[in-house]
Structures are given as structure tokens and as C-alpha cells.
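Note sheet for the following structure.
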Amino acid sequence: MDFTNKVTNWYSIHKRELPWRKTTNPYYIWLSEIILQQTQVKQGLPYYEAFVTQYPTIFDLANASEHAILKLWQGLGYYSRARNLHTTAKHIAFNLNGIFPDNYKELIKLKGIGDYTASAIASIAFNEVAAVVDGNVYRVLARYFGIDTPINSTIGIKEFKALASSLIDKEQPATFNQAIMEFGAQQCKPKNPDCTICPLKDSCVALQKNLVDVLPVKLKKTKVSTKYFNFLVCIDTNKNILFEKRTEKGIWRNLYQFPLIESEKSLKADEFYLLNLKDTFLNNLEFDYALYNTTDKVHKLSHQHLHTKFWIVEINAPLKEAIPIKSLNKYPAPVLISDFINTFNFKNL
DNA sequence: AAAACGGGGGC
DNA sequence: GCCCCAGTTTT
């Protein structure tokens, strides 16, 4: 039995029951694929359930506000996925009469859909022979065939795509694609795979050459930068809070936060003045302040470490833009902020 | 070609 | 502390 049949056979035995495997509705397949980008099934599953419940059809999603969609996406990260999801939902609902594009060539034109997702939807929903290459597929192929081309190099991306395309089961592309990904997720795991029970153990090059721990090869990643964030939790005389939308490009676009001032270093409790508040909205306002956390709350992202302090600023005047404390949780917010809101005892103010 | 873009989990 | 995750978009 060859690679393709062994993997497909393994899948028929070991596949997990997942909600998006009970349907070929392209809307649900698409939703699941976007949610699962750079996200493990375990983490994405509850979000998938929530979206299907809240937005049963693409028209429901198209008619929703971005605010509501981001709120439901809160905590999942990579928020451009949610913004693109909304953009594409509106496009399909209103420009394409709600008819989902049914082939790779059209799918890849959609916002938020790249090579992987176009292949996944085309194959799973429409049975097109389009090979998927995700992190699992890179790992399985690199190990089984003993390929040390860096998987994130231009040449490697082409090489693995071609190899996957040569292996895909043309009679059942949907099953094969899901099989090889599931095989990578459960059997050919990144760390400590149990190769003794692997159906491919007799022909796996990495196993014969003791390269399982070495493959796949990945080019060096970019280094992580450190930033110092100072959030000003501004409370006015009505016990209302300032909460702002991040409108600029970059992380957390269109999510909400307390007024933020970056500093060059981690500030001490007596270094509040270094924030140069006379240049800000706080100029001309009378206020008292206190540092909430003496040690930085460190929020780690894949490409930056945010060292964060929260300053409680009580302003001796009413503020028009401030919102009631109770309504804070209506707004989509980064985990860093929502964690603070859920932890801080506003009642003591 | 490289960097930006989140957050959670495994070891 | 480092790596990985059903990747895509921007620079």
C-alpha cells in the first residue's frame, strides 16, 4: 500500500468527530478554515460553535456589524481574520447573490483566503483536486520523504506544494486532504511522536535516518521586540471610563483599550511624569493617580513582548466620551485589556 | 524575501 | 524559554 492509501486508511480509523466534518456547506467549511488558521482545533472549536449559532448563514454574518463580529472573535487573536471574514461575507452575500465561489481559482481571490484555504474549501466542499499544505502537511512530507528544504523558503513552499499535489487522491481529494492533516496533528506530531505505532514506520526516511527531531527545517524567525505600554484607566466624576478604539494599522486594529502611552522603559511609581501628560488630553484637567501594578504585566505575542502598567487616573470632572463601567464588556478588547477589566475591582473606586 | 499579525498550549 | 498551531497580508 502506498503513502496515500496508508494515510487515508489511518484516517478512517482515527479521525475525530468535528462539527465541520458533518457538512459540505461551503459557508461552514470556510468559517472553520478561517478560525483554524494558526489555531489549534481545541482553541478554535468553541469559537466555531459560537459563530455558527450566532450567524447560521452567510447573510447573517454579512448583515452583522464588524463590532459584533470582533466581539465574538475576542480572545482568538489575528483579528484581521475577523475583519476579512466580514468583508468576504458581505462580498458573497451582496455581490455574488449569496452563492459561494466553487473552485480554487475564484476562492483565492477572496479577502483572507490564500493558497491553503482556497485548496481546503475547493476540495472539502466541492471535491476539487487541490492539495492543501498546512503546518501538518509540511511536517509529514518533510519527515516521510526526508526533505530538508526549509518549509518557509520560497523554494520550499513550491516544492512541498508540488509534492502534495502529486500525492493527493484524485478520487477522494476531500478525504485525503483532511487525512494528511489529521495524521500530522495526531500521529506525526511536532514533539515526541510515537513512531513505533506509525503505519508509515517501515518507509519513513526521517525514522530510518534518525531525523524525526530535525525535520522539518525552518528558516530563522524574526526576533522579538520589547515595548512598554502604559494604560491610563481614566475615571471621571460620574464613574465613567475612557475606552478608545484603536484605529491605526498594526495589532488589535478596531479593538478597544484604555488610553495608551508608550514609554522608553518600565516606569517606577514615581515616574508618572515621564509620560508627558501635558501633551495629552489630560492637559488642563485636575486628577489624582495611582499605579495599579508595581511589576509589569507581560503580555507575550509572537513578535513582541508587551511590558504593561495600568495607571488609575481619577479625574475631577465629567468627561463626555467616557462610558459606564458596566458597558466595558460590550466592546471587543485584546485579552490583555479584558483580563484587566475582569480582574480590577471597580467597586472600590 | 521578510516582517507583521494573537493567543494558547506543549515540553 | 522556545516552538508550534487546518496562514494571509503587507512591506
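The figures that follow rest on heavy atoms only: side chains count, while hydrogens, waters and symmetry mates do not. Here the structure is a predicted model, which means the values were calculated and not measured.
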Next on the checklist: Just so I know, are the side chains of A:Leu255 and A:Tyr331 near enough to count as touching, which here means a heavy-atom distance under 4.5 Å?
Outcome noted: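 Answer no - side chains too far apart.
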
Checklist entry - Between A:Lys189 and A:Gln43, which is nearer to the 5' end of DNA chain B once each is assigned its nearest nucleotide? => result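 Its nearest nucleotide lies further toward 5', so the answer is A:Gln43.
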
Euclidean distance, atom [atom1] of residue [X] to atom [atom2] of [N] [Å, nearest integer]:
X        : N      : atom1 : atom2 : result
A:Gln38  : B:dA4  : CD    : C1'   : 12 Å
A:Leu306 : B:dC5  : CG    : P     : 10 Å
A:His303 : B:dG7  : NE2   : P     : 10 Å
A:Asp339 : B:dG7  : CG    : C1'   : 11 Å
A:Asn152 : C:dT8  : CG    : P     : 15 Å
A:Lys191 : C:dC4  : NZ    : C1'   : 8 Å
A:Asn136 : C:dC5  : CG    : C1'   : 8 Å
A:Asp213 : B:dG10 : CG    : P     : 19 Å

Side chain of [X], heavy atoms from C-beta onward: which of [options] has the nearest atom to it?
X        : options              : value
A:Lys220 : B:dG7, B:dA2, C:dA6  : B:dA2
A:Lys111 : C:dT10, C:dC4, C:dA6 : C:dT10
A:Asn192 : C:dC4, B:dC11, B:dG6 : B:dC11
A:Leu219 : B:dG6, B:dA2, C:dA6  : B:dA2
A:Gln37  : C:dT11, B:dG7, C:dG7 : C:dG7

Checklist entry - Hey, which of these two, A:Leu36 or A:Ile108, hits DNA chain C nearer its 5' end, going by closest nucleotide? => result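 Whichever sits nearer the 5' end wins; that is A:Leu36.
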
Next on the checklist: Treating A:Glu314 as the side-chain partner and A:Phe287 as the backbone partner, does any N or O pair qualify as donor plus acceptor under 3.5 Å?
Outcome noted: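 A pair under 3.5 Å: no.
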
Item to check | P atoms of C:dA6 and B:dC11, separation to the nearest Å | outcome: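 Those two atoms are separated by 14 Å.
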
Checklist entry - Which whole number of Å gives the distance between the P atom of B:dC5 and that of C:dG1? => result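 Those two atoms are separated by 22 Å.
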
Item to check | Partner nucleotide, any strand, of B:dG6 [Watson-Crick/G-U, under 3.5 Å] | outcome: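 Because no pair has both required distances under 3.5 Å, B:dG6 counts as unpaired.
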
Checklist entry - Which atoms form the tightest heavy-atom contact between A:Leu219 and A:Asn152, and what is the distance? => result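 In this case the closest contact between A:Leu219 and A:Asn152 is N-OD1, 2.8 Å.
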
Item to check | Near-ring test A:Phe100/A:Tyr27, centroid separation under 6.0 angstrom | outcome: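 A:Tyr27 vs A:Phe100: aromatic centres not under 6.0 Å.
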
Checklist entry - Do A:Tyr144 and A:Phe3 have their ring centres less than 6.0 Å from each other? => result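 Yes; A:Phe3 has its ring centre under 6.0 Å from that of A:Tyr144.
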
Could one point to a donor on the side chain of [X] or the base of [N] with an acceptor on the other under 3.5 Å away?
X        : N     : value
A:Tyr78  : B:dG6 : yes
A:Ser302 : B:dG6 : yes
A:Arg21  : C:dA6 : yes

Checklist entry - Using a cut-off of 4.0 Å on non-hydrogen atoms, how would the nucleic acid contact of A:Ile34 be classed: base, sugar-phosphate, or nothing? => result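 Counting heavy atoms under 4.0 Å across all strands, no contact is made by A:Ile34.
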
Next on the checklist: So A:Arg139, base contact, sugar-phosphate only, or nothing? Heavy-atom distance under 4.0 Å.
Outcome noted: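 Sugar-phosphate only.
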
Item to check | Donor + acceptor pair across side chains of A:Tyr104, A:Asp115 (<3.5 Å) | outcome: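 Distance-only check passes for A:Tyr104 and A:Asp115.
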
Next on the checklist: Below the 4.0 Å mark, does B:dG7 have OP1 or OP2 next to a side-chain nitrogen or oxygen of A:Trp252?
Outcome noted: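 The answer is yes; a side-chain N or O of A:Trp252 sits under 4.0 Å from OP1 or OP2.
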
